[in-house]
Amino acid sequence: MFPFWPRNRMKTCYDLWRSLVRTLISELKEHLGRQVSVCGWVHRIRELGKISFVLLRDRSGLIQLVLDGKADFPVESVISAAGTVSENEKAPGGLEIHVAEIELMARAALDLPVPVNQDPDKLSLDAILEHRIISLRNPKILSIFRLQSNILKFFATHMRSEGFTEIKTSKLIGTETEGGTGLFSVDYFDSRVYLAQSPQFYKQAMISSGLERVFEIGHAYRAEKHETPRHLNEYVSLDVEMAFIHSEQDLMDLEVRILKTIFKGLAEENREELEIWNASVPGIDLVDQIPRMTHDRAREIISIEGGRKVYEINPEGERLLCDWALREHGIEAVFVYSFPRKKRPFYTYPLDQRSTMSFDCLFRGLEITTGGRRINEYSMLMDSIARFSLSHESLSDYIQIFKYGCPPHGGFAIGLERLTQKILSLANVKEASLFPRDRRRVRP
RNA sequence: GGGGGCGUGGCGAAGCAGGUUAUCGCGCCGGCCUGUCAAGCCGGAGAUCGCGGGUUCAAGUCCCGUCGCUCCCGCCA
């Protein structure tokens, strides 16, 4: 196997080195004293006259290369180096490679727009995002997405373990089902369609189809002109829908189990990333302790904590609630349920005249989840549609889900970027999106 | 939709009771150095101070507009 060099390359005296299979930097300690070949990006160069030290970076880590003479390539160039792995107390990490042969695979230009080998805390968010292609090379920045990838993995793994089927639904929708605001319209041949703000109706359709339990990991689009550290106009939604539930309490139970799996997995597999950000996930046992309170009770607590009467749960109130939960229950999270009917969509299952079987999950001061039981009974849905002054015509497809029998069900959605942001204590949710889209930014 | 703050070399900042060649750190280029650890030392390049207008003998600095960024509120994942 010669995965990195053309087969027709002319034979040279260095072909011995080139015949070496690439070794990942993280595996070098198993090759002590042996000849290896490594590939990666030049992270840092220190020249000391007749000897140079080059820090090489690959997907698995960093290693010091020791070179004779100068390094004739700039930082961020892609190289392949062959040499002998040796132990040296003077080397960072105790290991280094004494290089016999180097191949410059791709020379980097000199005008790096943002530093890759420095602490990104010293960069402005704007610089990070404007030069996203380059800033992602920064190991600390890239570590966000290593961790995020595992959030996705543990989420999906958990859902499957409970018998959920993964679905992918269309992001192009023909009608403004959830009300006119907040939808992006796009040209669709001779007509106009919209980008889905949630897979809500399709999830429910799959409940009635007989799958009973479904989840979807997909993008959601919100055409809202908000500019805050917690909003994106395109985000990844971890959507869940489950049949045969009794109330939103069943859904909170499910979310607790999901969060436990995610937190446990991250604590095991992403210790390094958490350490880089000086962050930690809540203890697994504590997730069971997340307090649950009604919307009314939440307002009371916020009023007491904030020292003044509140009627709405605003962002400051969400922070106060989580502070309270940390103090009283040891975990910065809280479930709020029984939201008023007027604060929830028409499809939310009513508990009584005033409130609904719906809930939010707040984590570290931020709403990461909204969900609830949905109306599954045809006549109740008709009443609700009338109550919200919606038209049957625009909801005809949706109504069909319930006309021929749909079991009691409900679901929720976790914002992937928000969860990532809060786990790592990132100042802005945009840092947790690879290529964030906000009101003006649609590039890179 | 409402409100606040900020735009100064590639990056991060100082300068802003108006005044002569706009300063510092990192990075970059050149030189010295065989054990560096954000290497060190010497030298150098690089900025029409976001843009437009106004006030003034004089504007990075004051005023108005504009564009951009960022934060708070509303709404939301």
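Below, chain A is the first sequence line, B the second, and so on; all start at residue 1. This structure is a prediction, so every number in the text was calculated from the model and none was measured. Values below: every heavy atom of this structure, side chains too, minus hydrogens, waters and symmetry copies.
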Inset, instruction - Please state whether the rings of A:Phe402 and A:His409 are parallel, tilted or perpendicular, taking 30° and 60° as the class boundaries. - result: parallel
Inset, instruction - Give the rounded distance in Å between these two atoms: CG of A:Leu123 and C1' of B:G25. - result: 14 Å
Inset, instruction - Under 4.0 Å between any heavy atoms, over every strand shown, what does A:Gln118 touch: base, sugar-phosphate, or nothing? Just pick one. - result: sugar-phosphate
Inset, instruction - Report, as a single string ordered 5' to 3', how protein heavy atoms within less than 4.0 Å touch nucleotides 45-52 of chain B: B base, S sugar-phosphate only, - not at all. - result: --------
Inset, instruction - Taking atom types as modelled, find out whether A:Arg292 and A:Gln249 have a side-chain donor-acceptor pair closer than 3.5 angstrom. - result: yes
Legend entry - Sugar-phosphate only, base, or nothing, as touched by A:His98 at under 4.0 Å among non-hydrogen atoms: base
Inset, instruction - Rounded to whole angstrom, note down the P distance from B:G25 over to B:A17. - result: 24 Å
Inset, instruction - Under 4.0 Å between any heavy atoms, over every strand shown, what does A:Ala220 touch: base, sugar-phosphate, or nothing? Just pick one. - result: nothing
Legend entry - Footprint string (nucleotides 71-77 of chain B, 5' to 3'): B base within contact, S backbone only, - free, heavy atoms under 4.0 Å: SSSBBBB
Inset, instruction - Whole angstrom is fine here: how far is it from CZ in A:Arg440 over to C1' in B:C69? - result: 9 Å
Inset, instruction - Determine the contact category for A:Lys122: base if any of its heavy atoms lies under 4.0 Å from a base atom, sugar-phosphate if only primed atoms, P, OP1 or OP2 are that close, otherwise nothing. - result: sugar-phosphate
Inset, instruction - Would you indicate whether A:Glu87, at its atom CD, is surrounded by more than 12 heavy atoms from other residues, nucleotides or ligands within a distance under 6.0 Å? - result: no
Legend entry - Whole angstrom value for the distance that separates C1' of B:G27 from NE2 of A:His131: 14 Å
Inset, instruction - Using the C1' atom as the reference point in each nucleotide, state the distance between B:A14 and B:C75 in Å, no decimals. - result: 40 Å
Legend entry - Distance, C1' atom - from B:G4 to B:C42, rounded to whole angstrom: 47 Å
Legend entry - Atom pair CD1 (A:Ile151) and CG (A:Leu238), whose distance is rounded to the nearest 0.5 Å: 8.0 Å
Inset, instruction - Look through every strand shown and name the nucleotide pairing with B:G40 as Watson-Crick or G-U wobble, where both distances are under 3.5 Å. - result: B:C32
Legend entry - 5' priority, RNA chain B, between A:Leu110 and A:Asp68 [closest heavy atom]: A:Leu110
Inset, instruction - Calculate the interatomic distance between A:Glu96 atom CD and B:G35 atom P; express it in whole Å. - result: 12 Å
Legend entry - Interatomic distance where CD belongs to A:Gln64 and P belongs to B:U36 [whole Å]: 10 Å
Inset, instruction - Name the nucleic acid region contacted by A:Asp126, choosing base, sugar-phosphate or nothing; use a 4.0 angstrom heavy-atom cut-off, strictly under. - result: sugar-phosphate
Inset, instruction - Please determine, for B:U56, whether a Watson-Crick or G-U wobble partner exists with both distances under 3.5 Å, and give it or none. - result: none
Legend entry - Spacing of A:Leu55 atom CG relative to B:A38 atom P, expressed in whole Å: 10 Å
Legend entry - side chain to side chain donor-acceptor pair (under 3.5 Å), paired with A:Tyr235, selected from A:Arg222, A:Arg437, A:Glu417: A:Arg222
Legend entry - Side-chain donor/acceptor of A:Ser80 to backbone N/O of A:Cys39, under 3.5 Å: no
Inset, instruction - Would you kindly check whether a donor in the side chain of A:Glu47 faces an acceptor in the base of B:U36, or vice versa, at under 3.5 angstrom? - result: no
Inset, instruction - Return each pair, listed once, that meets salt bridge (Lys or Arg N to Asp or Glu O under 4.0 Å) where at least one residue sits in residues 63-72 of chain A; pairs must be two or more places apart or across chains. - result: none
Inset, instruction - Looking at every strand, decide which applies to A:Lys70 at a 4.0 Å heavy-atom threshold: base, sugar-phosphate, or nothing. - result: sugar-phosphate
Inset, instruction - Name the nucleic acid region contacted by A:Arg441, choosing base, sugar-phosphate or nothing; use a 4.0 angstrom heavy-atom cut-off, strictly under. - result: sugar-phosphate
Inset, instruction - Assess whether atom CH2 of A:Trp41 is packed by more than 12 heavy atoms of other residues, nucleotides or ligands within 6.0 Å. - result: no
Legend entry - Spacing between A:Arg137 atom CZ and B:C11 atom P, to the nearest angstrom: 17 Å
Inset, instruction - Map A:Pro74 and A:Asn88 onto RNA chain B by nearest heavy atom, then report which one ends up closer to the 5' terminus. - result: A:Pro74
Inset, instruction - May I ask you to say what A:Pro92 touches in the nucleic acid, namely base, sugar-phosphate or nothing, with a heavy-atom cut-off under 4.0 Å? - result: base
Inset, instruction - If B:G9 has a Watson-Crick or G-U wobble mate with both distances under 3.5 Å, name it; if not, just say none. - result: none
Inset, instruction - Would you confirm whether the ring centroid of A:Tyr398 sits within less than 6.0 angstrom of the ring centroid of A:Phe346? - result: yes
Legend entry - Whole-angstrom distance between B:C69 and B:U55, as gauged at atom P: 31 Å
Legend entry - A:Phe363 and A:Phe263 aromatic centres sub-6.0 Å: yes
Legend entry - Value in whole Å for how far the P atom of B:C28 lies from CG of A:Asn117: 8 Å
Legend entry - A:Lys430 side chain reached by A:Arg132 side chain, heavy atoms, under 4.5 Å: no
Inset, instruction - Sort out the partner of B:C16 for me: Watson-Crick or G-U wobble, both distances under 3.5 Å, none otherwise. - result: none
